[in-house]
Peer 1: 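What follows is a single structure, and I will ask about it in a moment.
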Amino acid sequence: MSWLDELARPEILALKPYEHARWDTQLQRLHANELPWRALADHSAAGLNRYPEPQPGRLIERLAALYQVPPECVLLGRGSDEVMDLLVRAFCRAYCDSVLVCPPTFGMYAVCAHIQGAGVVEVPLRAQQHFSLDIEAVLAHCTPEVKLLFLCSPNNPTGNLLDTEAVLQLSERLAGRALVVVDEAYIEFSGSPGLSRYLAKTPQLAVMRTLSKAYALAGARCGALLAAPELVLLLRKLIAPYAITQPTLEVVLDALTPAQLTVAAQRLQSIARERSRLQQALARVPGIRRAWRSDANFVLAECVDAQDTLRRAQAAGLLIRDVRSYPGLDGCVRVTVGDSDQNTRLLEALQ
Ligand SMILES: *Cc1c(COP(=O)(O)O)cnc(C)c1O
């Protein structure tokens with residue numbers, strides 16, 4: 001038996017998946033009840049009258065190369081949001097199993113758990129040690145009901161990378177007991193290569209990546225799970241058969257050509273420059289008590305009067321995020337690093 005047989009929901013392991021229409025570009029399609037003509041509004045390359053390729057091979061290969069993992073370790077989804085949902089559905093039986101999260105962190109992990117009827121175990125990050133992982137506390141809360149851990153690195157909304165050694169140690173000590181999922185939505189902004197290179201050695205570790213942030217494609221809805229091939233195969237049974245739309249496929253393939261990747265890399269550098277300017281300037285604003293250093297494309301700041309900070313930003317035509325409801329983030333706001341003009345405008349509004 002594989003480690004997965006012990007952890008995943010038995011009914012998902014036993015599930016016979018939907019058989020989608022056969023994919024064979026050599027043959028003409030009279031097997032999927034599509035129309036033979038394009039819509040007049042259809043400007044796609046392939047034609048939207050046809051269902052797209054399920055888990056499109058070319059995109060999987062491109063992302064496998066980008067993230068430096070074998071193609072069989074890549075599952076494509078409509079953003080990491082969908083991947084999270086699939087993981088919770090595959091591992092957590094309603095009213096029995098739980099996910100573990102480390103607040104203050106991204107809210108979607110708990111939402112996915114609640115939708116599935118799974119419990120949520122919370123083990124706070126160590127706020128006094130720059131929001132680092134408390135490994136012993138996490139392990140102490142990993143009862144047999146905890147099937148999944150969601151860690152976020154760099155963490156949203158605190159902005160810090162989690163320590164690689166700590167995450168690896170946690171995954172090793174939880175082998176056979178739970179799957180450790182690391183959400184690397186912001187990893188490109190950190191300069192760290194991330195954890196995907198440890199997947200081969202550590203099957204109980206999985207990594208979520210997305211094109212929404214560093215690749216400027218939030219509107220295209222495309223993300224990936226990088227994981228052991230047996231887990232990718234299991235989740236393929238659950239995912240909607242045509243999850244990645246043809247327009248998304250075409251725009252993402254285009255965005256991953258060498259010329260476009262060069263531009264993306266230059267943009268990461270400007271965000272990093274603006275991030276340090278914004279963080280240092282925010283820290284000097286009288287109404288700001290503290291602005292944390294960040295490995296992502298946003299800065300967490302603690303305000304003297306958060307309501308006043310939010311109001312000033314809005315009066316300048318800018319939305320920033322109120323994160324006061326996150327545990328331990330009293331008086332805090334999260335500011336996305338914008339372009340140079342936007343950042344200057346925000347700083348002026350707060351002076
Ligand atoms: C923005 C963000 C994502 C990206 O989600 P997509 O569904 O891929 O757009 C994932 N995780 C975190 C923590 C985020 O902040």
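Order of appearance sets the numbers: ligands from 1, and atoms from 1 within every ligand.
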Peer 1: Applying side chain to side chain contact (heavy atoms under 4.5 Å, CB included), run through Leu75 and Leu86 and close with a yes or a no.
Peer 2: CA-CA 11 Å; Leu75 178 86; Leu86 293 174; 3.9 Å; yes
Peer 1: Just to be sure I read this right, does ligand 1 sit under 4.0 Å from the backbone of Arg221, its side chain, both, or neither, counting only heavy atoms?
Peer 2: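 It is the side chain that touches ligand 1; the backbone stays farther off.
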Peer 1: Give the contacting part of Lys213 toward ligand 1: side chain, backbone, both or neither, where contact means a heavy-atom distance below 4.0 Å.
Peer 2: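 Contact part for Lys213 vs ligand 1: side chain (C-beta onward).
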Peer 1: Under 6.0 Å between ring centres, would you say that holds for Phe189 and Phe298?
Peer 2: no
Peer 1: Please work out whether any backbone atom (N, CA, C, O) or any side-chain heavy atom from C-beta onward of Asn156 is under 4.0 Å from ligand 1, and answer side chain, backbone, both or neither.
Peer 2: side chain
Peer 1: Shared ILVMFWY cluster between Phe91 and Leu149, side chains joined below 4.5 angstrom?
Peer 2: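 No; tracing contacts between hydrophobic side chains, which count when under 4.5 Å, never links both residues.
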Peer 1: I'd like to check which ligand 1 atoms, numbered from 1 as shown, lie under 4.0 Å from a non-hydrogen atom of Cys152.
Peer 2: 13 (C)
Peer 1: What do we get for Ser80 next to ligand 1 when only non-hydrogen atoms under 4.0 Å count, side chain, backbone, both or neither?
Peer 2: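 Both parts.
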Peer 1: Which atoms of ligand 1 are found less than 4.0 Å from any heavy atom of Ala185?
Peer 2: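 Going through ligand 1 atom by atom, the ones under 4.0 Å from Ala185 are 2 (C), 3 (C), 10 (C), 11 (N), 12 (C), 14 (C).
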Peer 1: For Lys147, is there any backbone N or O sitting under 3.5 Å from a side-chain donor or acceptor partner on Asp97?
Peer 2: no
Peer 1: Would you please say whether a donor-acceptor pair under 3.5 Å links the side chains of Thr344 and Arg277?
Peer 2: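 Side-chain D/A pair, Thr344 to Arg277: present.
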Peer 1: Which protein non-hydrogen atom lies closest to atom 12 (C) of ligand 1, naming both residue and atom, and how far is it?
Peer 2: Asp183 OD2, 3.4 Å
Peer 1: Tell me the protein heavy atom at minimum distance from atom 9 (O) of ligand 1, and give that distance in Å.
Peer 2: Ser212 OG, 2.6 Å
Peer 1: Using a strict 4.0 Å threshold on nitrogen-to-oxygen distance, state whether Asp81 and Arg221 make a salt bridge.
Peer 2: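 Yes, Asp81 and Arg221 are salt-bridged.
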Peer 1: Keeping the roles fixed (side chain from Glu184, backbone from Leu195), state whether a donor-acceptor pair exists under 3.5 Å.
Peer 2: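 Present.
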Peer 1: Suppose we measure from atom 15 (O) of ligand 1 to each protein heavy atom; which comes out shortest, and what is that distance?
Peer 2: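 Result for atom 15 (O) of ligand 1: Tyr186 OH, 2.6 Å.
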